[in-house]
**Student:** 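Quick one: structure below, then a few questions.
Just so you know, these numbers use all the heavy atoms, side chains as well, and skip hydrogens, waters and symmetry mates. Residue numbers begin at 1 in each chain, while the letters A, B, ... track the order of the sequences. Since we're looking at a predicted model, the values are computed, not measured.
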Amino acid sequence: MNFINNNILTIVIFLPLAGAILLAFFPRRDRDVRYFALAVSLITLLASLHLPWYYVRGQSGFQFEQNVPWIPHPVIRYHLGLDGISMWLVVLTTFLMPLCVLVSWKSVHDRVKEFFILMLILETAMIGVFLALDLFLFYFFWEATLIPMALIIGIFGHGRRIYSAVKFFMYTMIASVFMLVAILWLYAHTGSFDFVTLQSAIQHGQVPGFATAGTWLFLGFFIAFAVKVPMFPVHTWLPDAHVEAPTAGSVLLAGVLLKMGTYGLLRFNVGLFPDQARQNAPWIMVLALIGIIYGALVAMVQPNIKRLVAYTSVSHLGFVVLGIFSFTQIGMDGAVYQMLNHGVSTGGLFMLLGMLYDRRHTYEITEYGGLATPMPVCATFFTFIMLSSVGLPLMNGFVGEFLILSGAFQAKQIYGILGATGVIWSACYLLWMYQRVFQGVVTNPANKTLRDLDARERVSLWPVAIAALVMGVAPMLWLHSISPSVSDALKQANSVTQSASSSTIHMTEAFLKAVGR
Amino acid sequence: MVPLSYYLVLSAVLFACGVAGFLIKRNIITIFLSIELMLNGVNLTFVAFAAQLKSLDGHIFVFFVMVVAAAEAAVGLAIIIAVFRTRETLNVDRVNLLKL
Amino acid sequence: MSMHLWIIPLLPLAGAAINGLLGKRFPKALVNTIALGSTGAAFAYALWVAAQFLALPADQIPYLETYGTWMSTGNFSVHWGFWLDQLSFVMLLVVTGVGFVIHIFSVGYMAEEGGYYRYFSYLNLFMFFMLMLILADNYLQMFVGWEGVGLVSYLLVGFWFTKVSAANAGKKAFITNRVGDFGFLIALFLLIKHFSTLEYAGVFKAVAPFAPEASAGLLTAIALLMLVGATGKSAQIPLYVWLPDAMEGPTPVSALIHAATMVTAGVYMVARSNPIFSRAPVALEAVAVIGTLTAIFAASIGLVQNDIKKVLAYSTISQLGYMFMGCGVLAYSAGIFHLMTHAFFKGCLFLCSGSIIHGLSGEQDMRFMGGLRKYMPWTFWCMTSATIAIAGLPPFAAFFSKDAILWSTWSSGQHLLWLIGIIAAGMTSFYMFRLWFLTFWGEYRGPNPAGGGHGHDADAHQAQDAHATSGAHGHGTPHESPWVMVLPLVILAILSFVGGWIGVPESMHGPDTFNRFLAPVFTTYAPAGIAHAVMSEGAGGIAAESSSELAFSLISVGVAAFGLFLAWYFYYKRKDLPAKLAASAGGLYRLVLDKYRIDELYGAVIIQPLIKFSSVVLWQGIDVKLIDAGVDNAAHGAEEVSDGMRHMQSGNIRSYAGWVAVGATVIIAFMVWRGLR
Amino acid sequence: MLAQILFFIFAAMCVGGAINLLVQKHPINSALSLIVVMGSLALIYLLLGAEFLAAVQVIVYAGAVMVLFVFVIMLLNAGEEERLSHGSRVAILLGVPALIIGLGIAAWFTTHITGLDRVAIGGPEIMNGTDVFGNPQAVGKLLFSTYLLPFEVTSVLLLIAIMGAVVLARREGD
Amino acid sequence: MIPSVDYIRILPELVVSIFGIISMLVDSLIPEQDSKKPLGIIAVIGTLAGLAATAYQTGFYGTAFYGTIQVDTFSVFFHVVVLLIALAVTLTSFEYLEVQRIRSGEYYGLILFGTVGMMLMSSAVELVLIFIALEISSISTYILAGMRRRAAESAEASLKYFLLGSFATAFFLYGVAVVFGATGTTNVYGVAHYLQNQPSTLAFLAVGLMFVGLGFKVASAPFHVWTPDVYEGSPAPVVAMMSTGPKAAAFAVLLRVLFATDAQGWFWIVWLSAALSMTIGNIGALVQQNVKRLLAYSSIAHAGYILVAFAASRQSGISAAIFYLASYAAMNVGAFAVVSHFAQAGEKYVTLDDYAGLGRRSPLLAAILTIFLLSLIGIPVTGGFFAKFYVFSAALQSNLVGLTVIGLINSAIAAYYYLRVIVYMYMRDERTEAAVPRIPAGLGIGLAISLIATIYLGVMPGRVLEHAVQSAQDLIK
């Protein structure tokens, strides 16, 4: 037991990778490959359930920590640990993965082995991102998610998949460069990559030059995360990536990869630079609000379902950012919770869209219409998950949005009010889309004979539906462990003296100094 | 007695003539000759400094430069012959298959 | 002793879940059993709870049950819990009672429809959410019910989803409601921000020290925002537009959701939040004005509508306006009283219309009805009872309730509002009797369908639902409905008749039971100066004499009788007149017939511009042209630069040497300069 | 005085030869000009007391290496150089001006700044005087002590050169 | 009398030279028609013996031959790198030479002798020896570049490389002459000693001139112009060699010249050159269609990254540069090895279009190339990542924020064209139907060496970095 507790994080991270390596040596029998991938993802899920099971609630700090030296110089440690925030994101990842395997069961029929290898590698990297407590390690995993995802989009996607894959890759890559600069700066001035060490060093003002560089460091991290989230106006990679990605790719992209951005904002931007985060919160919140409204409005007029749902992600993730930068317990709790919700509900939506695509090979809304008649089960699931996305009370989305908005409202009333308009928009775009796709009379003869969801598809949707409901009715199962961790982060943010000066002149000076050696 | 700087300027001029030759001559062999001219310019610098410093190290260097120049000449001319075989020209402006 | 209130909402929920998940494979009888059984059980249990409640000592009211935390973060937490006081008691009985009755009706009405199990599942789900709404002990849980009923309304209005208009109507209902909910949400945020709690008890205690706000303040803001929510749910100006369209749903749904229960949630909310509203006179004024305006506005549209359900829909909006009017003049209990009677008579009216539509195989246009008295006597009599009730003629239910509202309005000094209200009452009488005459009197004007379709409400859905075709069940002529449909009519008709008697005011030497019963709800947390006024139905209540109250009742009755007379004159005596009148009124008539073209206005001013803006400016403009093109241009720019840079690579050795020479010169120059420094 | 006269004479020959190299159109003329430069340089080396180098310059450089050049020129039967319109603009427009500027800077630097213009060296005195240090004996001693390793390593260089010449100049296909 | 330990200090050079001579002798013994594989095997044994000799050297640090050569961690490190490059390239060449019908007799000899030159460059501390070693390595690569005798491109590449190389060498030589004039010595430590006592204005000019020559050898802007043409025209394994070996050696010389001599004033030149190299290299590569040419531009960019380390503070910068060279060698040799195999007879398949669908035709080869490309991008788990990481963290330690930002943005841009190759391999449908031949044993081992090195440096960079740090200390002590 002790052994497991000490190494569980490593186990969870590297189980999929081990699976991927084994899979590489598998014969090319697609059926076996699929079953094996499913088995690996399920085992990982089971292993990851160890975490919430043995997690000690209410205890501040990180748990299941693992901290061994990796590279002596520069001092890079293999430091893993989780708190209430990261724990659920890990579980979300492992939860979505078997479902992704299931939805790819038939839709991926070419280069099956490669596909599942990439998926499993991706899983390892994603889990690693959430668990790494060494900045270097974090960056390591962060970048490592890029390749498998780009390949999944580029190889297994459709349409302009190459453009999308490259766009996705380049956006993230260029943005994360700024984070790397910030990480390197921190290392150069403290000699440590360790999150905990850095946090206390910054808090106690032991980092030379931090007063001037702080804002720049904050921005460095922020740019990387903002692109990933994605926040307006750097969101345009997302619709493209989603539209062309295969279903499983979309699910993971929306479900997990975007969360990496918001997780990073919370963990690093707020955790390491609370002062700067507070100073910059107003405009970040404005961007988040623009994202909420803009994403929703643009989603409303999309002629392509998947693009539409992709824009809803922009809108929904805007809520999360809004919550994080509200700097209220309630808002930040809600933000973390909303990350999970969005993973479940948008993941579910993408799964459903994938099922439609499997049948009709198009995402154009005009190609559909009246699907509820031939596919009642699908329509029902769609309604259910759509409602979760709309934020209907008793469903998960509501809890998150409500907490976030009341947090934002406490921070600044107008933010809460503008954010709350999202409640209206989400109903507009989703219901309208639903109507155009599922309601009315079947006009397109191709849709008349569509078969309804089969057993496998239903099996992959049930967990999502159940999760959406349970998370809406009993959010305390999650909030119990999220809340104390958020409260830690918030305390951190509150205890720092509000000293850093932020005058533009000061910053410009610092910049000039920095550039000129 | 001549100021050292005169020698140096002379060597610089020779070197510069070599560079100029490289830049303006079209014939590959002439360009190669220009390189030799540059080396001669450098040699003069060595010798001049050696004289000033009363140090033989400079002479040794010049000696090695000559050896290298000889080796280069052998290889270089072989390369020129090889190029001439494939391209039937010695005009450097025509040797531009590889570009952009 | 615990009453286990949770059983009440959970019973229908269980019914909904079972029918929803498994109902497809069940025979109809089993679906019926589950749906009716769960609702009936809930009703029965509610009756038992009612008995228990009446036995509770006063200090144990409100009776509270909590079950655990729903969400909790920081110093804010919300739990699951139920709150039973006199107000929710009334609502509980109305909802479960009327709900059960309408369930019964549905068995007959929907017998031929596809998606039977789906329908009952939704209906049960509605019961669940409605009960959550009225039994909640905190605003957030109320919001659960609030949004939940909106959802079910969406689902049921769009029940015949293959019909474009139905789908549109469902969507419209949901979105319009969401607009209202937006206001409600903000109100909740304000509560959280200032009181850190959403529990009724906590909020009411927190506002207790406040005096009524002379001008707009925090409580006014909260109250007004709640009012926004209420206008959405209860279809008041300006958010009433969804309700007429919602008639696309099956008629029992219209009866249950869009007449008897859900749409009254706004009134319930205002009454429930009386401690806040009472302290916000500005908001109260707004409530009253909106209510009054809605009453007359909707009534005026109702005057000319030809679709039987549309008339009832506008009538509902109008009646809801009365309820708001009552609440707005502090006569909360009068508002609730009208709510209850309205549930009876409007439920009855809708069911009767359902019965008619059923009997006429889906015909809804009154111009093709007439003379139905002969074909469907039960329906006729029930309808008559409800019509008289809504017209406000004694001793039927609405006479007492509407009168209480109007009297309170007058006595609180809002004479103009009273005047408008009384005009609207006349209109109500007119358009209801118009409906009555057009439907039941005269000659049957409909076609004599030979083997035509049998179905209701929808025409399009007939094509879809194989079971709904007439072949199995064709009737040539209008016919009376089966007993499962008639029975509910009768129950509700009786209630429309007697329902008002529990609220006979003192001026008529009645016991005023209803008012007294509800009084604690509205007085416990009322601000000091108002408590007494509330107690006696409206601010001016004490001052007024009972004789003048009686006199005003007579005016009401007179107006109603006048309406009856006009209707009789126009639609029975001189049937040619309406057409002439319409012709002479011309544009005005057309305007009213087109519902003042408010939908078109909203469409042109809000929806179309928004879609255009989103599509052209945001998406094609900012997203595609600005950001994406910018990024792509940057990428192309890089490629152009790259392409340009290739020309540095001319392939010419001399050029290369040139570059080297340039570089060398720069370096020499720099190093010489450095050497000299 | 004599040293200066000699220097200027040989310097003039050097520069003249170099310029002739640039001006001549036929490579053979350029090669011959280079030999002039080398010869003059050998004399300047002598002025500077580099006996050994002067000899090597004439024997090896001007003699052997240049003969190789001339031989190749003849072998390839290279004619006068042709000027093509698509020649290098960079070389003429950027390279040459840069070169002139660079030369100017270097000349100015060496004559005015470094103080080297105050150091006078060379002349016949060096040859007559006591400290003739550039004789073969001294060079040889140094070459086989301090510079032993470089000297030995040149063998590898020459080996490569031979191999290269063989590889590249050999006809393909045999 | 020369102490015998001195011979140990040039043992690797000796051993490799001997094997070079053996290969020449054996060449004449093998009949023309027979396979020349034994020569390759001799070369492999030669490099392995060289490695062993280098390992043996570690106990015998010090100077030899009158202070012309110095064996220390620095030189050993570069010896190992250069020898491993030679080993991998030799292994790669086995098949290549036969496919391209290149006479292998002199080929291996030239590689071995060239290696000797590079090794000497890293251990020499006397500018005379450095110059000669530089010429050995350069001349052997000039010749190797022209080895595809049937192709006009190859001859042209050889000519361009030769002419421009000699041109640049003249600058280097001029620099040496000025150094000599300024300090009276050509020994690196002598120069350092002199400059510490009396700074000289001439020394600045000298450093500038030497930088021109060495900058050319390492292909840094603005002296990079030859690179794309030469890389495109030369035989692929030779490019693998010349883009790493002579480059590493030239960087070693540059390190010695700039750091060991305590030269001053070059900071902004290096800064500018680094920025220019990165930008020109990366932007130039964006539109390239020929993979070899693309990798040539990338090589320019990588030279820029290494120069960033030069601009950084001494100790960490030097060690970062050294580490970078090692990992760049690993990944670039690997990449060119794949390119050389895939090019097939006459180097027919070298454009991106030819690479389309490679992932399907030869999954293994494509996967391996992908790893090398990812390493070149600087993705974690590969040596390239740590290399960039160390370089830029060194730069930031010296507060070179501007250069760091330029560099990192560049490396992000660079991702685009590397990714393009991957995109073609996996995401485009093939146009050429050419079947990819099986991976022969020699190439397999060569690839394995580079692959293992790349991954090792990406996962466990600690050991190598320690050596790099030690080397840096040795260099500037």
**Student:** About how many Å separate CD1 of B:Ile24 and CZ of C:Arg654, when rounded to the nearest 0.5 Å?
**Tutor:** 8.5 Å
**Student:** Please list all pairs passing the salt bridge (charged side-chain N to carboxylate O under 4.0 Å, His left out) test where one or both residues lie in residues 614-629 of chain C, with sequence neighbours left out.
**Tutor:** A:Lys167-C:Asp628
**Student:** With heavy-atom distances below 4.5 Å as the criterion, would you say the side chains of B:Ile31 and C:Ile653 are in contact?
**Tutor:** no
**Student:** Distance check, rounded to the nearest 0.5 Å: C:Ser655 atom OG versus B:Leu23 atom CG?
**Tutor:** 9.5 Å
**Student:** How about B:Tyr6: does its OH atom have over 12 heavy atoms from other parts shown lying under 6.0 Å from it?
**Tutor:** no
**Student:** Can you see which heavy atom on B:Val19 is nearest to which on C:Ala661, and at what distance?
**Tutor:** CG1-CB, 4.5 Å
